[in-house]
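Let me begin by presenting the structure, written as structure tokens, before commenting on it.
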Amino acid sequence: MSKSVTDVICPFCGTLCDDLEVIVSDDGKKIEDIYNACAIGAEKFMHAQAPERVKRPRMQQPDGSYKEVSYDEAVEYTARMLFNAKKPLMYGWSSTSCEAQSVGHEIAEKVGAIVDNTATVCHGTTLIAVQDVGIPSCTLGEIKNRADRIIFWGCNPCHAHPRHQSRYSVFPRGFFTNKGHMNRKVIVVDPRVTDTAKLADYHYQVEQGRDYELLSAFRVALRNEPLPETVAGIPREKIIEGAEVMKSGRFGIIFFGMGVTQSLSKNHNIDNAIMLTKDLNEFTKFSIMAMRGHYNVTGSGQVLGWQFGYPFSVDLSRGFARYNPGETSSNDLLRRGEVDAVFVLGSDPGAHFPISSVKKIAELPSVCVDPHITPTSEISKLHVPVAFVGVEVGGNCYRMDNVPIEARKVVDPPEGVLTDVEFLTRVNARLDQLMGGK
Amino acid sequence: MAEYIIKNGFVFDPTQGIKGDKADIAVKDGKIVKSTEVSSKAKTIDASGKTVMAGAVEIHAHIAGPKVNEGRNYRPEDKLFTYRPKSASSRMAGGFSIPTTFKTGYEYARMGYTTAMEAAMPPLYARHVHEEIKDTPIIDEGAYPVFGNNWFVLEYLKNKEIENTCAYISWLLEASKGYAVKVVNPGGTEAWGWGLNCLTIDDPVPYFDITPREIVTGLIEANEALGLPHSVHIHQNSLGNPGNYTVTLDTLKLAEGFKAKNKFGREQVLHSTHLQFHSYGGDSWANFESKSKEVMDYVNKQKNITVDTGCVTLDETTTMTADGPFEHHLTELNHLKWANVDVELETAAGIVPYIYSPDIKVCEIQWAIGLELALMAKDPMRCFITTDHPNAGPFTRYPRIIKWLMSAEARKKQIESFKHSAKMVEATHIAGIDRELSLYEIAQMTRAGPAKSLGLSHQYGGLAPGMDADIVVYDFNPEKPHKPEDIEKAFSAAAYVMKTGVPVVINGEIVSNGNKRTLWVKAKVNENPQVMRDIRDKFLRYYSVTQANYDVSSHFVPNPHVIEVDATH
């Protein structure tokens, strides 16, 4: 007989769906089926079952081949690498639990590392904009229950956050929105005709990299000030109409993604988007929210926040916490050659960093802690496979609206495979020994 | 466990009425015992020439949770020049108005505070609050979940269903591991979901068709029916507006006719928090004035309420409150960065930095009002010192507030240094008050009083045998002449602090992370299928998380101190 585990949290994206149902075999070892998850989420669960999965740490040999090593050796290598490094980079933290982040921070504090998460190439610009102008926001349930104006700006939830629209933003029937989609007007701002754009009531096909102008134009329109004939490729009438749609709602929300955070103007785009939201609060109720990517990148920012006071790019190498993105952010450090060891957990910079940074990682002593084989694990000196958080071990995670949800364990990890917390705790203990002997 | 005897100090303990007599305090197994009960092996701490008090109890501060952390993350500037590197027994710690969790624990302990209450926990974010509490060393902590804009409460109270309200409170306290019933801007924060507010206690809440008056009286009734350790803890409507003292008096009067019912020795039915923000006269910022006298006259004669001050410390700080509409109002006033979070079915929160400048008349008047409240209090067991941290200033300024309260000379000096001192004096009473609080009264306002109000007087706030061994020694000799600055200095860094029998601070430095506990209240009620069905229904239809993923598991509360209440009669 198979068993069903309900209310399972999906450890994939920042939508952090918590209504999955997973069917596991009677012995609790094998996942047989997954209900309610999107295609990507289901794949993540099934991936944990892959027969080719790496189950023991692997050390890269000079000829590029891998030699299986024990966890003891992996702990020893990692501890010594961090102990010997003058300024190690400890990057990632977005696909793991807050409990693991917490142990990682303790290690980083001991060895004087830089702690950075994936926001550094993602919504870090958002965090900088929030430091400039604040952010009026809300939880996703507020959108479901109240919102009648939904704006997706530079994001494509149909593909990146597949269940976002059905759970929270476009389709659900909430307390004050009992007609669901019929209650809402959807605006999409995107230079591409994405699947999200296709279901919008209004699609603003902004010229690439001109988001700042269009945001400013909406703010101008709200004030009834004159506008040029077109702004960012959008005719004046359309802009005025859009501003009217926003203003006439009871409760509106702007969701935004990489299209604005990592295109020209970066944090200034978000700055302006937040100010547009603030302006709209003069007329009605409006919020704005970042479409966070990894399922617990938000949590990394939170734990760093309460332990050190900054959400990413935290430099602990001087014995106190410093924060100066551009100086203390991963790519800048790597490309300037300022770090002498790299520890990666819960992220894949090999796939997402510029090649100039990736080359540096390949040259340095490096450890990649990840259940999967990834481009990062392939260039790291040591690859430590661990249990999947949210599948094989529980732990706290933060959704894109900062709501914390505790991930569940569904099946046991393969025999002998450590969890992130267990591996980090052993490295931490070994560091204590090394430092005690100093 | 170790035994200690703290010898020859000047002891101030309101629970036993000790007013500065020399006495020895003995400790065994984490509790205070009679001096005869410890063996000759007891470690002696010499407190001669020093002041000895119980560990202080913070009744209202925003120190853990989503809005506090948003404050930290969105204000990197708050960390400038504040960091202390790690030591053998402490983590690196920084921040001024919103310190990191580590610094929060260390700084409270250094000042001799051993217990603190987080003043507003959005239940949906309870897990976050408890994660931070877990990472705050030394001090015992509890958190108040907010109820005043919760849809369940609004719906039950609209139909006057007190029993259902009780069952819901009991369920939510357990689900969120909360300590008390907190009310913030009743009705107004729900109205803020639509960008509106409730500015008097008779403004109806949009859609829900209930008034703040009904919410507050309903919750008082439910709180007393349950017999919870703390009373309803209220942040009133119309905070921070000129002329709001009439709303304040209206709300306080709602307590009339209620009597405290509990087994914890608590006497009040309503705690009105940060009263400074609610004691304003005038009808604009131009004729803004103190109404502390009118408010305190009422508080003094109405025995079933307690208050805390919310003293302005004249610093740059970060305001944060579940009063969402107020923060929007504030950002319109000072144009500093505004953060807001509306929380589904429950509450909202806002954050705006604020500079209480000694060069701005309104700030000067606010400073005076906070102190006036404490100086006009006839019963120091019902008026507690707070800064509503970090709203009126950071908690690390308590020693300075104590200095101002204990020294008319210090107040005079401060008044003279103000840019608008003449105008300020005209709008306030402070210049005419020569009362100087005694150390005994300070012990009442920071220890015995808040402990009693929280229903914790059996374990905190005093030095009687049987109580927790939370003990502070300040390097301050009350029998020797002193300057006002000596008071601030002594209270800033205690000579010795013990938390449940473990020395945690010696000569102002952290020596141990202690054995911190999380307090929460488990209130047993009769089975209530209707409320359970309503809860299931709301989760199915309106929450964005499932009910099974809402409860805070014990994993987040590793060292709980559960206070049980049986309301199944």
Side-chain angles (χ1 to χ4, degrees), chain A residues 6-7 9 18-19 98 102 106 109-110 127 130-146 167-168 173-176 250-251 278 281 284-285 287 301-311 316 318-323 394 396 398-399 401-406 408, chain B residues 64 66 68-70 72-79 83-86 91-92 94-95 98-102 124-128 131-132 135-136 151 192-195 207 328 331 336-345 348 350-352 541-549 552-553 555-556:
Chain A
T6 59
D7 303 287
I9 287 81
D18 71 332
D19 60 343
C98 295
S102 210
E106 216 177 312
E109 195 172 312
K110 267 179 201 153
L127 300 170
V130 171
Q131 288 162 354
D132 286 339
V133 294
I135 183 164
S137 195
C138 61
T139 64
L140 289 165
E142 280 288 278
I143 317 292
K144 170 174 154 176
N145 289 321
R146 293 187 208 259
R167 275 175 66 79
Y168 314 118
R173 293 157 191 258
F175 194 80
F176 296 105
R250 290 187 304 177
F251 188 113
K278 199 174 171 183
N281 273 288
T284 178
K285 191 69 194 285
S287 285
Q302 294 291 352
V303 182
L304 281 171
W306 78 65
Q307 297 191 342
F308 303 115
Y310 311 108
L316 307 175
R318 296 191 191 175
F320 58 93
R322 283 174 73 246
Y323 162 80
N396 204 26
Y398 285 73
R399 201 165 65 184
D401 54 356
N402 297 311
V403 168
I405 305 177
E406 191 182 1
R408 279 166 204 274
Chain B
V68 183
N69 215 33
E70 182 70 16
R72 293 185 188 107
N73 271 340
Y74 102 139
R75 290 204 72 195
E77 66 273 22
D78 191 67
K79 260 69 69 181
Y83 249 96
R84 273 172 80 123
K86 71 190 175 79
R91 300 279 299 265
M92 58 171 76
I98 22 180
T100 62
T101 52
F102 304 122
L124 185 60
Y125 287 91
R127 224 173 253 118
H128 180 169
E131 275 205 294
E132 287 198 23
D135 267 356
T136 308
W151 288 4
W192 176 239
W194 302 119
Y207 174 79
H328 181 248
T331 191
L336 295 180
K337 55 191 176 187
W338 171 52
N340 178 77
V341 181
D342 291 354
V343 183
E344 60 209 56
L345 289 81
I351 316 166
V352 177
R541 296 169 69 184
Y542 306 128
Y543 268 107
S544 63
V545 298
T546 67
Q547 192 182 342
N549 287 320
V552 176
S553 66
H555 159 71
F556 293 93

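Lettering of chains follows the sequences in order, A, B, ..., and the numbering in each one begins at 1. Everything quoted here is computed from the prediction, not taken from an experiment.
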For the backbone of [Y] and the side chain of [X], can you confirm whether one donor and one acceptor N or O come within less than 3.5 Å of each other?
| X | Y | result |
| --- | --- | --- |
| B/N69 | A/Q302 | yes |
| A/Q307 | B/T100 | no |
| B/K337 | A/Q131 | yes |

Tell me the closest heavy-atom pair linking [X] and [Y], and the distance in Å.
| X | Y | answer |
| --- | --- | --- |
| B/Y542 | A/G174 | CE2-C, 3.8 Å |
| A/D7 | B/T546 | OD1-OG1, 2.9 Å |
| B/S553 | A/E406 | OG-OE1, 2.9 Å |
| B/N340 | A/K285 | ND2-NZ, 4.3 Å |
| B/E131 | A/C98 | OE2-CB, 3.5 Å |
| A/E109 | B/M92 | OE2-N, 2.9 Å |

Mind ranking [options] by heavy-atom pairs under 4.5 Å with chain B and telling me who comes out on top?
| options | value |
| --- | --- |
| A/N396, A/T284, A/I143 | A/N396 |
| A/R173, A/R250, A/K110 | A/R250 |
| A/Y398, A/Y168, A/Y323 | A/Y398 |
| A/L140, A/I405, A/L127 | A/I405 |

Does any part of the side chain of [Y], heavy atoms only, come nearer than 4.5 Å to the side chain of [X], both counted from C-beta?
| X | Y | answer |
| --- | --- | --- |
| A/R408 | B/N549 | yes |
| A/V403 | B/S544 | no |
| A/T139 | B/L124 | yes |
| B/T331 | A/K278 | yes |
| B/L345 | A/F175 | no |
| B/Y83 | A/R322 | no |
| A/F320 | B/K79 | no |
| B/E344 | A/K144 | no |

Which portion of [X] sits near chain A, non-hydrogen atoms under 4.5 angstrom:
| X | answer |
| --- | --- |
| B/W151 | side chain |
| B/P76 | both |
| B/N73 | both |
| B/L336 | backbone |
| B/Y543 | backbone |

Quick check for you: among [options], which has the greatest number of heavy-atom pairs under 4.5 Å with chain A?
| options | answer |
| --- | --- |
| B/H328, B/R127, B/Q547, B/K86 | B/R127 |
| B/E77, B/E132, B/R84 | B/E132 |
| B/G195, B/G94, B/G193, B/A126 | B/G193 |

Checking side chain to side chain contact (heavy atoms under 4.5 Å, CB included) for the pair B/D135/A/W306: CA distance, chi angles, key distance, verdict?
CA-CA 8 Å; B/D135 267 356; A/W306 78 65; 2.8 Å; yes
Between A/N402 and B/H128, is a side chain to side chain contact (heavy atoms under 4.5 Å, CB included) present by the stated rule, with each step listed?
CA-CA 9 Å; A/N402 297 311; B/H128 180 169; 5.9 Å; no
Measure the acute angle between the ring planes of A/F251 and B/W194, then classify it against the limits of 30° and 60° as parallel, tilted or perpendicular.
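Aromatic pair A/F251/B/W194 classed perpendicular.
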